Amino acid sequence: MFFSTTIALLVIFLLTIYWYLKGNGTNHNKKLPGLEPQWIFGNLRNTGVISGRVVLYEALAELKAKFGDAFSFWLGPYYSIVLSRIDHVQHVLADRHTYDIAETTTRNFGVLFPTGLIALRGNEWKRHARFILPMLKRAKVLPYLDTIVTCTDRFIDEKLSRRNGEIHMDLVEQSQRLLLSIIGFIAFDYDLETTSTSGTFDLRDAFNDFVRIGNQFILISGVPLWLGKLVLRMSSQYQRALRTMKHYVTNMINEEKTRQQEATNSIRSINLISSLVSAVQLESSEGVPSLAPNEVFDEVSLLVLGGFETTSTALSWFIFYMSKYPEVQEKMKDELKTHNLTLNTSLTQDVLDSLIYVDCVTKELLRFAPIATIISRKATRDDIIDGIEVKKDDTILIAVQSLHFDPRYWKIDPSKFIPERFLYEDKNPPHCAYMPFGGGHRACAGQDLAFFELKTIITRLMQRVTFVDPGNEANNSGGMVQRITCYPKNLAIRVYVDKDYMVV
Ligand code: HEM
């Protein structure tokens with residue numbers, strides 16, 4: 001008892017010192033409106049984020065209604081300026097010399113992936129970006145079409161067909177498993193979804209633990225870095241996951257290197273590790289600074305985590321919205337019919353490109369669903385944005401969700417899920433009014449892959465499945481749980497699969 005009280009007091013003492021060192025809650029810019037910060041919690045407690053009354057983007061929307069387009073916000077002990085007007089956002093994103101990725105982002109992700117793209121700045125970021133960005137461009141991701149379709153079919157056959165017509169309460173988890181399996185195949189031809197049968201702790205278990213603990217860690221972004229690091233260091237599960245992943249991925253990198261050196265004419269595999277290894281080999285042979293094995297490892301882990309969390313959340317919301325907007329679902333199915341896409345037709349790139357309405361639904365999903373609701377930047381020097389004073393080292397939070405729902409920028413009511421907006425009045429929203437993947441030089445590296453994955457999964461699901469709201473039979477009210485992204489809290493969907501595909 002005495003021991004635990006002493007430890008608790010020590011932690012409170014250290015947190016208080018940290019709070020004072022971080023600026024003592026003093027508002028850096030007295031001219032900006034905003035709530036008073038509270039000890040160590042900043043504005044996370046007095047806005048209701050900690051109690052779970054609202055999630056972060058809702059808190060920012062409430063403050064915007066109260067204080068206007070620009071206000072101060074304390075993310076725990078970290079001061080920031082929140083912006084939600086397009087001209088302010090354009091100013092920030094256009095000036096990469098004054099605004100770079102925020103320290104909160106590099107610091108938190110840096111604990112998990114110290115040399116991953118998202119944790120780097122300046123020349124180090126450029127060195128990594130040379131390898132990573134081209135690898136994820138549209139032309140490079142198109143060959144993954146069959147992988148995505150195969151994984152989606154397996155999801156339908158194994159998870160949905162067996163319980164045809166029943167209410168599914170686990171579709172958030174199932175969406176996560178589907179996306180983990182897709183990114184596992186894309187990253188290194190490895191099935192991360194199927195539960196290990198060997199009884200030993202393997203790469204599947206390791207990535208699952210890493211993703212779960214990593215997610216929890218990134219969420220507690222108000223917590224000082226040293227405390228976060230300590231938590232991870234003391235987590236035997238996390239350390240075991242990391243060791244196992246390093247072991248497997250390093251072996252894969254080495255095997256791929258040997259394979260590429262020996263097999264000059266053999267068929268090249270198309271996974272991310274293979275592309276990274278060949279890019280690295282090529283560049284080092286030309287004397288260009290390339291990536292060390294630990295850097296390749298960090299990049300692969302980042303792509304798995306970044307690529308899985310966001311897209312699986314988007315898929316969960318898609319399923320939820322389809323149960324609530326049956327007319328949208330019907331329209332997509334009609335579009336598939338007009339392109340002669342029945343259950344048995346295989347999907348090709350050309351067919352996928354011709355599906356205009358499905359394209360609009362995917363765009364609307366990314367506007368409407370709370371996936372990456374905030375992006376952040378750090379000022380590298382003093383600046384003034386339309387009269388708002390910004391000091392060197394200030395953090396800027398861009399309230400993406402507020403922009404997506406701002407009636408000043410959308411002609412068709414932005415509070416409604418209407419995919420047709422992207423066909424007509426809102427086909428070309430003003431620059432920075434629509435930014436699900438962020439913007440400027442630090443925009444999402446995987447956006448082509450993400451959009452392609454989502455559109456393919458959606459199309460395949462619509463070829464074979466119908467999602468129905470069960471009404472009063474179960475709680476399908478949505479709600480939100482905050483992790484890196486916000487995913488639906490109460491999801492209960494009746495799923496019908498065409499009987500031709502039923503697994504008996
Ligand atoms: C629906 C899916 C996705 C959404 C909504 C999303 C959104 C975002 C956002 C908002 C950012 C920050 C951008 C900024 O600060 O301006 C970001 C960064 C990033 N995303 Fe995504 N993302 C998605 C999928 C993916 C996928 C599939 C991958 C890779 C496999 C990926 C890899 C990355 C990386 C590496 C960064 C850091 C880029 C850098 O710092 O230079 N994302 N993403």
Side-chain angles (χ1 to χ4, degrees), residues 57 89-90 92-94 96 99-106 108-110 112-113 115-122 124-138 140-141 144 148 175 179-180 182-188 218 271-273 275-276 298-318 362-378 395-401 403-404 432 434-458 484-487:
Y57 90 83
V89 176
Q90 287 161 2
V92 170
L93 294 182
R96 63 190 287 174
Y99 297 97
D100 205 343
I101 193 160
E103 223 168 284
T104 37
T105 311
T106 52
N108 283 356
F109 281 95
L112 299 174
F113 328 98
T115 62
L117 195 64
I118 200 161
L120 303 174
R121 282 212 185 84
E124 274 301 279
W125 177 82
K126 279 190 196 152
R127 182 166 67 82
H128 282 243
R130 277 170 56 88
F131 294 101
I132 307 300
L133 300 188
M135 241 173 50
L136 296 168
K137 286 287 166 235
R138 190 177 146 80
K140 294 279 176 163
V141 304
Y144 300 130
I148 301 169
S175 301
L179 267 303
L180 194 59
I182 292 175
I183 196 71
F185 282 116
I186 289 178
F188 29 62
I218 291 169
N271 62 49
L272 290 180
I273 282 205
S275 312
L276 253 182
D298 276 356
E299 292 299 1
V300 172
S301 313
L302 166 64
L303 295 182
V304 171
L305 182 65
F308 144 82
E309 164 75 17
T310 44
T311 37
S312 66
T313 302
L315 180 61
S316 305
W317 283 113
F318 168 76
T362 315
K363 284 185 186 151
E364 181 70 340
L365 171 68
L366 292 169
R367 182 190 71 85
F368 206 71
I371 309 167
T373 54
I374 289 154
I375 64 169
S376 45
R377 294 290 183 270
K378 171 190 161 152
T395 298
I396 307 287
L397 294 183
I398 297 171
V400 173
Q401 213 66 2
L403 292 160
H404 285 185
C432 291
Y434 179 65
M435 42 189 310
F437 296 111
H441 74 297
R442 299 303 294 252
C444 175
Q447 53 186 293
D448 287 358
L449 173 61
F451 196 89
F452 179 65
E453 270 185 299
L454 284 171
K455 188 174 176 188
T456 308
I457 299 170
I458 289 174
I484 304 178
T485 55
C486 297
Y487 59 89

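Everything numeric here is computed off the predicted structure, so don't read it as measured data. Counting starts at 1 for both ligands and their atoms, following the listed order.
With hydrogens and angles disregarded, no donor-acceptor distance shorter than 3.5 Å links the side chain of Y99 to the backbone of I396. A distance-only check finds a donor-acceptor pair linking the side chain of D448 to the backbone of R138 [under 3.5 Å]. A donor-acceptor pair under 3.5 Å is formed between the side chain of R121 and the backbone N or O of I101. Side-chain atoms of H404 come within 3.5 Å of backbone N or O of M435 as a donor-acceptor pair. Checking side-chain atoms of W317 against main-chain N and O of L366 turns up no donor-acceptor pair under 3.5 Å.
Side-chain contact between H441 and D100 is present, with heavy atoms from C-beta onward closer than 4.5 Å. Between F451 and V141 there is no side-chain heavy-atom pair separated by less than 4.5 Å. Within the 4.5 Å cutoff, side-chain heavy atoms of I132 are placed close to those of L276. Counting heavy atoms from C-beta outward, L93 and R377 have side chains that approach closer than 4.5 Å. Looking at L303 and L136, their side chains come closer than 4.5 Å, going by heavy atoms from C-beta outward. Two residues are said to be in side-chain contact when any heavy atoms from C-beta on lie closer than 4.5 Å; I183 and L180 meet this criterion.
Nearest protein heavy-atom neighbour of atom 18 (C) of ligand 1: C444 CA, 3.6 Å. Nearest protein neighbour of atom 36 (C) of ligand 1, counting heavy atoms only, is A445 N, 4.0 Å. Remark: minimum distance from atom 27 (C) of ligand 1 to any protein heavy atom is reached at G307 CA, 3.3 Å.
Atom 4 (C) of ligand 1 has its nearest heavy-atom neighbour, among F308, F437, F113, in F437. Evaluated by nearest non-hydrogen atom to atom 7 (C) of ligand 1, the leading choice among G116, G438, S312, P436 is P436. The option with the heavy atom closest to atom 39 (C) of ligand 1, from among Q447, H441, H128, R442, is R442. Nearest to atom 3 (C) of ligand 1 by heavy atom, out of I374, T310, L315, is T310.
Taking only nitrogen or oxygen atoms, main chain and side chain alike, S376 does not reach within less than 3.5 Å of ligand 1.
Proximity to W125 (heavy-atom distance under 4.0 Å) selects the following atoms of ligand 1: 39 (C), 41 (O). Heavy-atom proximity to L303, at under 4.0 Å, picks out these atoms of ligand 1: 29 (C), 30 (C). Near L366, the atoms of ligand 1 lying under 4.0 angstrom from a non-hydrogen atom of the residue are 1 (C). Under a 4.0 Å criterion applied to the non-hydrogen atoms of G439, ligand 1 contributes the atoms 16 (O). Taking every heavy atom of A372 and a limit of under 4.0 angstrom, the matching atoms of ligand 1 come to 7 (C), 10 (C). Near I118, meaning under 4.0 Å from one of its heavy atoms, ligand 1 places the atoms 37 (C), 40 (O). The I101 neighbourhood of ligand 1 comprises atoms 40 (O), with distances under 4.0 Å to a heavy atom of that residue. Every atom of ligand 1 with a heavy atom of G446 under 4.0 Å away is listed here by number and element: 26 (C), 27 (C), 28 (C), 29 (C), 31 (C), 32 (C).
Counting heavy atoms under 4.0 Å from ligand 1, residue I375 touches it through the side chain alone. Contacts with ligand 1 closer than 4.0 Å are made by side-chain heavy atoms of R377 only, the backbone lying farther away. When non-hydrogen atoms are compared, ligand 1 lies under 4.0 Å from neither the backbone nor the side chain of V304. With a heavy-atom cut-off of 4.0 Å, A443 touches ligand 1 through its backbone alone. Neither the backbone nor the side chain of L93 has any atom closer than 4.0 Å to an atom of ligand 1 (non-hydrogen atoms only).
Residue I186 places every heavy atom at 4.0 Å or more from ligand 1.
Looking at S376 and T395, their side chains never bring a donor and an acceptor atom within 3.5 Å of each other.
Taking each heavy atom of E453 and I186 in turn, the nearest pair found is OE2-CD1, 4.3 Å.
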